[in-house]
Amino acid sequence: MRRVLAVRLDSLGDVVMAGPAIRAIAAHAEPYLLTGPRGTGAARLLPQVRHTREWDCPWIGNPAPEATPRNLRRLERLVADIAPDEAVIFTSFHQSPLPLALELRLCGVPRITALSEDYPGSLLDVRVTSRELPWEAHEVDRALGIAAAAGFPLPADDDGLPALVPQHRSGLRPDGPYVVVHPGADAPARSWPAENAAELVEQLAATGLRVLVTGGPDERALTARVAGSHGIDLGGRTGLPGLVDVLEGASVVVAGNTGPAHLAAAVRTPVVSLFAPVVPAEVWRPRGAPTVLLGDQGAACAGTRARICPLPGHPCLAGVLAEQVVEAVQDLLAAQTGAVA
């Protein structure tokens with residue numbers, strides 16, 4: 001089969017949302033998925049992905065590595081080892097594929113497809129623009145459109161939703177139903193205030209729900225504060241496969257616009273999405289499971305892509321009260337009960 005280098009170089013959630021497009025490639029060729037350090041773990045969880053490689057990209061990574069000859073030679077060695085017949089570069093609307101396309105062309109990749117508003121010259125063989133994929137297209141649809149333009153349409157029997165391979169039981173799931181609260185986010189501008197999250201855990205526990213609080217190793221202080229004496233603190237204890245297992249077993253997941261929200265939706269767990277509008281919700285909201293979107297999408301920070309909130313008091317999310325989130329959780333739980341009945 002043809003070897004196709006599929007590239008998504010940014011974060012965990014971005015890689016998850018590129019999953020349906022990778023499946024589309026896999027229906028026609030052998031995909032080799034190249035990701036950045038923050039997306040490697042998710043790449044290994046995608047169905048039909050047998051080959052993964054990692055490269056830290058100087059123009060996409062955050063924090064970005066230095067653009068050195070040594071770093072670029074590492075990319076050259078990776079590409080030479082794969083010897084792809086072609087490459088498909090997946091980017092968001094605000095990212096340019098052209099620096100990578102230049103590198104891949106110099107590595108001898110004979111056919112390259114990407115979305116580019118800028119004139120690509122001889123760098124792209126198949127160029128997709130906003131005429132075919134408007135900037136407000138959801139990330140899943142954007143990636144699928146790029147793959148289709150490259151000649152890899154999604155098979156008719158594929159639902160086109162993000163999905164993950166099943167994980168082994170981690171031993172961290174408690175008996176009975178529970179809700180997960182994931183208070184952290186990659187960017188502070190996308191985080192719900194910790195005091196609001198702690199109040200949510202207390203209120204959910206008061207309704208009789210068991211609450212698990214998740215987070216990475218560097219978020220242990222945050223998860224301990226949010227869990228308090230009412231939740232179960234799993235901060236730094238899960239690892240990515242264990243986190244996926246915990247999210248899959250949850251009745252509802254409460255999270256900001258961050259990778260675990262997309263992991264939860266990919267395993268079909270309903271999500272209460274505390275979504276800061278620094279990026280547009282129509283582009284990055286979780287897809288794959290029922291979702292309730294909270295947060296002022298018309299706040300003045302909308303569309304700024306800010307990592308640090310540019311407004312005093314973080315109004316887009318600080319104004320979301322714990323009571324509102326409890327109501328959203330209960331609505332999702334009631335919808336599940338009604339579906340079962």
Side-chain angles (χ1 to χ4, degrees), residues 169-185 188 190-216 219-238 242-276 281 285-286 288-296 314-341:
R169 291 293 294 266
S170 64
L172 295 172
R173 288 194 197 181
D175 295 330
Y178 60 89
V179 171
V180 168
V181 174
H182 188 91
R190 302 181 189 182
S191 297
W192 198 34
E195 57 270 23
N196 297 41
E199 177 66 21
L200 171 66
V201 171
E202 185 173 349
Q203 290 191 22
L204 288 173
T207 70
L209 287 167
R210 185 171 292 174
V211 186
L212 277 58
V213 181
T214 57
E219 296 175 319
R220 288 191 175 107
L222 172 63
T223 60
R225 177 183 177 187
V226 171
S229 60
H230 302 279
I232 300 172
D233 181 10
L234 295 183
R237 295 176 54 193
T238 60
L243 176 61
V244 171
D245 173 61
V246 168
L247 296 174
E248 186 173 11
S251 300
V252 176
V253 170
V254 179
N257 177 25
T258 189
H262 299 290
L263 293 173
V267 294
R268 308 298 179 255
T269 300
V271 178
V272 177
S273 176
L274 294 155
F275 202 101
R285 69 182 296 160
T291 302
V292 175
L293 197 75
L294 298 177
D296 181 5
H314 199 18
C316 68
L317 289 183
V320 179
L321 303 178
E323 291 83 357
Q324 295 173 267
V325 183
V326 171
E327 182 179 355
V329 169
Q330 291 174 335
D331 287 345
L332 289 172
L333 291 172
Q336 293 175 61
T337 302
V340 171

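Everything numeric here is computed off the predicted structure, so don't read it as measured data.
Of all heavy-atom pairs spanning Leu222 and Ala194, the tightest one is CD1-CB, 3.7 Å. Residues Gly288 and Arg268 come closest through the heavy atom pair O-CD, 2.9 Å. Summarising the geometry of Gly184 relative to Glu219, their closest heavy-atom pair is CA-OE2, 3.4 Å, with the distance given to 0.1 Å. Residue Thr214 comes nearest to Pro183 through the heavy atom pair O-CD, 3.3 Å, listed as atom of the first residue, atom of the second, then distance. Contact detail for Val252 and Gln336: the closest heavy-atom pair is CG2-NE2, 3.8 Å. Minimum interatomic distance between Val272 and Ala328 (heavy atoms only, all atoms of both residues): CG2-CB, 3.9 Å.
We find the SG-CZ distance between Cys316 and Arg190 to be 11.0 Å, quoted to the nearest 0.5 Å. With rounding to the nearest 0.5 Å, the separation of CG in Leu263 from CD in Glu248 is 11.0 Å. Remark: Leu204 CG to Gln330 CD distance equals 8.0 Å, nearest 0.5 Å. To the nearest 0.5 angstrom, Glu327 atom CD is 11.0 Å from Leu332 atom CG. In this structure, OG1 in Thr223 is found 11.0 Å from CG in Leu212, a value given to the nearest 0.5 Å. For the atom pair CG (Leu247) and NE2 (His182), the distance works out to 8.5 Å, reported to the nearest 0.5 Å.
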Working for side-chain contact (heavy atoms from CB on, under 4.5 Å), residues Glu199 and Asn196 = CA-CA 5 Å; Glu199 177 66 21; Asn196 297 41; 5.7 Å; no
Leu200 and Gln324: CA distance, side-chain angles, deciding distance, side-chain contact (heavy atoms from CB on, under 4.5 Å) verdict = CA-CA 9 Å; Leu200 171 66; Gln324 295 173 267; over 6 Å; no
Could you go step by step and tell me if Leu209 and Leu333 meet the side-chain contact (heavy atoms from CB on, under 4.5 Å) rule?
-> CA-CA 11 Å; Leu209 287 167; Leu333 291 172; 4.0 Å; yes
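A donor-acceptor distance shorter than 3.5 angstrom exists from the side chain of Arg210 to the backbone of Asp175, with no hydrogens or angles considered.
Residues Ser170 and Thr238 form no side-chain contact, since every pair of their non-hydrogen atoms from C-beta on lies 4.5 Å or further apart. Val325 is listed as a side-chain neighbour of Trp192, based on a closest heavy-atom distance under 4.5 Å. Counting heavy atoms from C-beta outward, Leu274 and Val254 have side chains that approach closer than 4.5 Å. At least one side-chain heavy atom of Val267 sits less than 4.5 Å from a side-chain heavy atom of Val244. The side-chain heavy atoms of Pro315 and Asp296, taken from C-beta on, include no pair separated by under 4.5 Å. Looking at heavy atoms from C-beta onward, His230 lies out of side-chain contact with Val211 at the 4.5 angstrom threshold.
With Ser273 as the partner, the side chain to side chain contact (heavy atoms under 4.5 Å, CB included) test is satisfied by one option alone out of Thr258, Val292, Thr291: Thr291. When the options Leu321, Val320, Leu317 are evaluated for a side chain to side chain contact (heavy atoms under 4.5 Å, CB included) with Leu294, the one that passes is Val320.
By the 4.0 Å N-to-carboxylate-O rule, Glu195 lies close enough to Arg225 to be salt-bridged with it.
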